[in-house]
Amino acid sequence: MDHRTHQRLESAELTDSILSDAPVYGPSNEEVGTVSHIHRAAASAGVVVQVGGMPDLRPRQVLVSLADLDLMRDETGRVHGVTNWTREELINFPEHHD
């Protein structure tokens, strides 16, 4: 999938209703997780991504900065994210608890 041709989401589209369950792809175009929800704090915003699915690990939620996640729509309108983090790197992030 060539993400360069996909339309980037506008800031008004960064809502839970639009992003929830959107797949997140890593640097090799492999699915590394799914968006759980937007996390808004006073000083910054991030996206909580659910990763895991390996036989020895339960799924876990990690917080990714919006600067590290490119959120977009493909030609069919499907929302997804792209990051430079691999699944293994994300699994090693501290677990996020709301």
(message) I'd like to check the ring pair (Phe, Tyr, Trp, His ring centres under 6.0 Å) partners of H37; sequence neighbours left out, ordered by chain and number.
(response) none
(request) Would you kindly confirm whether V62 and L66 end up in one hydrophobic cluster when ILVMFWY residues are joined by side chain heavy atoms under 4.5 Å apart? (result) yes
(message) Within this structure, what is the CD-OG distance for the pair Q50 and S36, rounded to the nearest 0.5 Å?
(response) 6.5 Å
(message) Would a single hydrophobic cluster contain both L63 and L71, if residues Ile, Leu, Val, Met, Phe, Trp and Tyr are joined by side-chain heavy-atom contacts under 4.5 Å?
(response) no
(request) Find the distance between CZ (R73) and CD (E10) and round it off to the nearest 0.5 Å. (result) 10.0 Å
(request) Indicate if L90 and V47 have the same hydrophobic cluster label, given that clusters are the connected sets of ILVMFWY residues with side-chain heavy-atom separations under 4.5 angstrom. (result) yes
(message) How long is the straight-line distance from CZ of R60 back to CD of E95, given to the nearest 0.5 Å?
(response) 4.5 Å
(request) Evaluate the side-chain proximity of I38 to L19: yes if any heavy-atom separation is below 4.5 Å, no if none is. (result) yes
(message) I'd like to check V64 versus H39 (side-chain heavy atoms, cut-off strictly below 4.5 Å). Are they in contact?
(response) no
(request) Tell me, yes or no, whether the heavy-atom count around R8 atom CZ, taken from other residues, nucleotides or ligands under 6.0 Å, exceeds 12. (result) yes
(request) For H3, check ring pair (Phe, Tyr, Trp, His ring centres under 6.0 Å) against everything at least two apart and list the hits. (result) H6, Y25, H80
(request) Count the heavy atoms of every other residue, nucleotide or ligand shown that sit under 6.0 Å from CD of Q7, and state whether that count exceeds 12. (result) no
(message) Just checking N84: does its CG atom have more than 12 heavy atoms from other residues, nucleotides or ligands closer to it than 6.0 angstrom?
(response) no
(message) Starting from W85, can I reach V32 by hopping between I/L/V/M/F/W/Y residues whose side chains sit under 4.5 Å apart?
(response) yes
(message) Would V24 and L69 count as a side chain to side chain contact (heavy atoms under 4.5 Å, CB included) here? Give the steps.
(response) CA-CA 8 Å; V24 177; L69 192 61; 3.7 Å; yes
(request) Identify the two heavy atoms, one from E13 and one from L9, that lie closest to each other, and give their separation to 0.1 Å. (result) OE1-CA, 3.3 Å
(request) Please determine if R87 and E31 form a salt bridge, counting it only when a charged side-chain N lies under 4.0 Å from a carboxylate O. (result) no
